[in-house]
Amino acid sequence: DVRLYPGGLPEEYISGSFIDASTHSSKEVRELGRGQKLVRNIYPRPFSLSAKGVPVRDITMQNVLGERSDFVHYQGVWRLQPLE
């Protein structure tokens, strides 16, 4: 199941959106993320953090419920944003 969010993934679909990565070390952010449960339609926080006003587009993907696959639970998000 693949979906496009032209204005970016809404905050309510992002796990760990409450974490301000700019105030924590990488190690601290990873430790906070480890304690979060896997929930369908709630995606991991995008690795790329954008400044306010920078346009982003997100593409989400997850396994299709009820279909055979190699994964019991799979989901991810790709974030697209300008490099400048």
Side-chain angles (χ1 to χ4, degrees):
D1 187 19
V2 176
R3 295 188 181 163
L4 175 63
Y5 294 87
L9 189 60
E11 289 279 324
E12 60 266 19
Y13 296 133
I14 300 174
S15 174
S17 61
F18 64 89
I19 299 170
D20 182 357
S22 67
T23 62
H24 294 79
S25 70
S26 291
K27 182 180 178 184
E28 291 170 329
V29 172
R30 284 192 306 274
E31 287 173 2
L32 288 168
R34 281 190 190 108
Q36 296 175 1
K37 297 190 183 282
L38 296 175
V39 178
R40 190 161 182 85
N41 295 317
I42 303 297
Y43 296 90
R45 184 177 52 81
F47 180 74
S48 171
L49 301 175
S50 60
K52 292 219 184 279
V54 174
V56 296
R57 292 185 198 129
D58 291 327
I59 300 171
T60 61
M61 64 218 94
Q62 62 185 339
N63 61 314
V64 177
L65 270 176
E67 294 296 321
R68 291 186 62 177
S69 99
D70 294 335
F71 303 99
V72 173
H73 183 90
Y74 169 79
Q75 60 188 25
V77 60
W78 287 346
R79 172 152 284 176
L80 295 86
Q81 66 187 50
L83 295 175
E84 298 175 5

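Below, all heavy atoms of this structure are taken into account, side chains as well, without hydrogens, waters or symmetry copies.
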Distance in Å, Asn41 CG paired with Gln62 CD, rounded so as to fall on 0.5 Å steps: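 Those atoms lie 4.5 Å apart.
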Thr60 side, atom OG1; Asp1 side, atom CG - distance, nearest 0.5 Å: 7.0 Å
For the residue pair [X] and [Y], what are the closest heavy atoms and their distance?
X: Pro55; Y: Pro82; result: O-CD, 3.3 Å
X: Ile14; Y: Ile42; result: C-CG2, 4.1 Å
X: Val39; Y: Gln75; result: O-NE2, 3.2 Å

Contacts of [X] that satisfy side-chain contact (heavy atoms from CB on, under 4.5 Å) - sequence neighbours left out:
X: Leu80; result: Arg57, Ile59
X: Tyr74; result: Met61, Asn63, Phe71
X: Pro10; result: Tyr5, Glu12, Tyr13

Residue list, salt bridge (charged side-chain N to carboxylate O under 4.0 Å, His left out) with Arg40, at least two apart or on another chain: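 Here no residue qualifies.
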